Number of protein chains: 2
Amino acid sequence: MRPAPLPSDHSPLVRKLESIFPLDDHERQALLDLPMQVAAFKEGQDVVREGDRPSRSFVILSGFTCTYKMTGDGKRQIVTFGVAGDMPDLQSLHLKVLDISVATLTPCSVGFIQHEDLWNLCLRQPRIAAAFWRETLVEGAAFREWVVNVGRREAYPRMAHILCELLVRLRAVGLAEDHTCDLPITQTEFADALGVTTVHVNRVLQQMRAEGLIETKGSRLNIPDWERLKAIGDFDPTYLHLRRDEAVP
Amino acid sequence: MRPAPLPSDHSPLVRKLESIFPLDDHERQALLDLPMQVAAFKEGQDVVREGDRPSRSFVILSGFTCTYKMTGDGKRQIVTFGVAGDMPDLQSLHLKVLDISVATLTPCSVGFIQHEDLWNLCLRQPRIAAAFWRETLVEGAAFREWVVNVGRREAYPRMAHILCELLVRLRAVGLAEDHTCDLPITQTEFADALGVTTVHVNRVLQQMRAEGLIETKGSRLNIPDWERLKAIGDFDPTYLHLRRDEAVP
DNA sequence: CGTGCGCTTGATACAGGTCAACGCGTGTGG
DNA sequence: CCACACGCGTTGACCTGTATCAAGCGCACG
């Protein structure tokens, strides 16, 4: 007998959209009514793959993902991390063939939404269409900043910058306390995100710990001096286009 | 007396949108009817600047632009080049404050369109809204590939890749013959796009010329062996999401 | 006719890559 | 229940792509 469908939980989606776009009760309800098929993924699996032609997009309900591309000679570049509420392949609503793959970094629960349902909702509620559009634009802004980070900052500030971005994004969806969060990202994954080697990531992290910039135990990250990390990472959260500035007081 | 308003020419916009989205006569006409205020910019001017809160977006009608961000210590990273038909700040329709600046690389003619007019058109014609949304998504896809290029390819293939992208995009809007185009981009600008120094760009270009990969006279670029350039640049045009694959036969 | 910008070249320095090996914790199959 | 394999973090020695610095050249333009 087939497993019962997993219970759906739309709240990460709503929370995420509200972090960048104001919704009224009616709109919130419309989102909650979206048909969603929930699936569980183990760590290290591809949710979608470059070249796919999906008829649905997905929301991350829990867990962490990375969005990546492979080069011809087998190197991986991670272009963004996904956290609860993110829709890493929302673009496929308009772009038929996927130009990226999305893999889970941890066990994940994801909710699939048929393009048809999304499309109908957008036609009926232009403001929700605007919210989704805006969501993809914010994602685009983050890619631009990622280019700057990889192209123009050395490994040390580059790492600082990514840590800042992750903390702020996690805070925006309620997944981080003031200066602490769970960040289950391995050094290899950071390496592929920063465009450096694992060895170098290791040395950078050690130096950051030595200088009291960060504290880690297990996957727990703590940032003792947020202002200093921000300064070193040359981090300005404007590009995340959050409604409430989550720059952390 | 004030100068007469410049004559507007919507055709670059229509041509660009049609390269990624099928339009019918009615939709084409709706675009042609968009109120547009044309302005001429000299070379090296900012059209819009990071931090601006524009009430309009612009289409490049002629000329070349670059979209860039500055780091805290004054380094510039170009995140994309703009050619006729592109709308480098279309995102500002939904994101109030600009996270990028756009500068002209050559004298440019640009057409400003009020957000209000765009917004009305999108509400009346959902398919045109979809076309604009798609336009921003394609731009996002190009940023992702730019991250990969800067993060994971060495300077030589990185340059090859950018040249491939530019040729294909120019072809898509009718600004390039098969393997030749006008590319008025200085070595300094390439440096800021690739995340390397001008000196290094110079050496890379010389090597490419020496190996017969490219030929240049003035701003004229010719590519004698397209397949080889593509292979070296690890270039696959899928991410540009063109309707007709402009991969150049 | 100078002056500045874009291009070019050479010498030298360094951030980060490569290669190789080891420790440690954990899950697993014999 | 132990041995072993494997993933992740760590370390050291050495190498290289690219940066940095400095200078010269030619041409377009005021």
Side-chain angles (χ1 to χ4, degrees), chain A residues 42-45 64 66 71 73-78 103-107 149-162 182-210 214-221 232, chain B residues 42-45 64 66 71 73-78 103-107 149-162 182-210 214-221 232:
Chain A
K42 291 204 275 283
E43 160 188 347
Q45 288 186 292
F64 286 73
C66 66
T71 63
D73 52 342
K75 285 181 279 201
R76 179 173 75 158
Q77 175 70 45
I78 293 175
T104 59
L105 300 180
T106 63
N149 205 27
V150 172
R152 285 299 184 205
R153 288 194 265 265
E154 300 195 335
Y156 192 80
R158 202 184 297 177
M159 173 65 84
H161 191 281
I162 269 199
D182 198 52
L183 207 59
I185 298 177
T186 67
Q187 295 187 356
T188 306
E189 285 143 9
F190 274 124
D192 286 345
L194 299 176
V196 299
T197 58
T198 324
V199 173
H200 203 60
V201 166
N202 183 274
R203 302 203 225 259
V204 166
L205 285 177
Q206 279 182 66
Q207 198 185 335
M208 293 181 86
R209 284 189 283 251
I214 59 170
E215 294 163 4
T216 54
K217 30 174 201 271
S219 66
R220 204 81 201 153
L221 169 71
I232 287 173
Chain B
K42 290 204 276 282
E43 162 187 345
Q45 289 186 293
F64 285 74
C66 67
T71 63
D73 53 341
K75 285 182 280 202
R76 178 173 75 157
Q77 175 69 46
I78 292 175
T104 57
L105 301 181
T106 63
N149 204 28
V150 172
R152 284 301 185 201
R153 287 193 265 266
E154 301 195 334
Y156 191 80
R158 202 183 298 178
M159 173 64 85
H161 191 282
I162 269 200
D182 199 53
L183 207 59
I185 299 177
T186 67
Q187 295 187 356
T188 307
E189 285 144 9
F190 273 123
D192 287 343
L194 298 177
V196 299
T197 58
T198 323
V199 173
H200 204 60
V201 166
N202 183 274
R203 302 204 225 259
V204 165
L205 285 177
Q206 280 181 66
Q207 196 185 339
M208 294 180 85
R209 284 191 282 253
I214 59 169
E215 293 163 6
T216 55
K217 30 176 201 274
S219 66
R220 204 81 201 151
L221 169 71
I232 287 173

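Throughout, a chain's letter reflects where its sequence line sits, starting with A, and its residues are numbered from 1. Computed from a predicted model, the values in this text were never measured in an experiment.
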Nucleotide of [options] approaching [X] most closely (side-chain heavy atoms):
{"X": "B:Arg203", "options": "D:dC8, C:dA11, D:dT10", "answer": "C:dA11"}
{"X": "B:His200", "options": "D:dG9, D:dT18, D:dT11", "answer": "D:dT18"}
{"X": "B:Val199", "options": "D:dT20, C:dT18, D:dC8", "answer": "D:dT20"}

Less than 4.5 Å apart, any side-chain heavy atom of A:Pro107 and any of A:Glu43?
yes
Which pair of heavy atoms, one from B:Arg158 and one from B:Val150, lies closest together, and at what distance?
NH2-O, 3.4 Å
A:Gln45 versus A:Lys42, closest heavy-atom pair with distance
OE1-N, 2.6 Å
Just do the side-chain contact (heavy atoms from CB on, under 4.5 Å) check on A:Met159 and A:Val201 with the steps written out, would you?
CA-CA 8 Å; A:Met159 173 65 84; A:Val201 166; 3.7 Å; yes
Between the side chains of A:Asp73 and B:Arg153, is the shortest nitrogen-to-carboxylate-oxygen separation below 4.0 Å, so that they form an ion pair?
no
Using atom [atom1] of [X] as one end and atom [atom2] of [N] as the other, report the distance to the nearest whole Å.
{"X": "A:Gln187", "N": "D:dT11", "atom1": "CD", "atom2": "P", "answer": "10 Å"}
{"X": "A:Arg158", "N": "C:dG17", "atom1": "CZ", "atom2": "P", "answer": "8 Å"}
{"X": "A:Asn202", "N": "C:dA21", "atom1": "CG", "atom2": "P", "answer": "18 Å"}
{"X": "B:Arg209", "N": "C:dC7", "atom1": "CZ", "atom2": "P", "answer": "9 Å"}
{"X": "B:Lys217", "N": "D:dG26", "atom1": "NZ", "atom2": "P", "answer": "21 Å"}
{"X": "A:Arg152", "N": "C:dA15", "atom1": "CZ", "atom2": "P", "answer": "17 Å"}
{"X": "A:Asp192", "N": "D:dG7", "atom1": "CG", "atom2": "C1'", "answer": "15 Å"}
{"X": "A:Gln207", "N": "C:dA15", "atom1": "CD", "atom2": "P", "answer": "10 Å"}

With DNA chain D as reference, determine whether A:Glu154 or A:Thr188 sits nearer its 5' end, using the nearest nucleotide of each.
A:Thr188
At under 4.0 Å between heavy atoms, what does A:Gly195 touch on the DNA or RNA strands: base, sugar-phosphate, or nothing?
sugar-phosphate
Between A:Val201 and B:Leu205, name the one whose nearest nucleotide on DNA chain C is closer to the 5' end.
B:Leu205
Think A:Thr197 has a side-chain N or O under 4.0 angstrom from the OP1 or OP2 of C:dG17?
yes
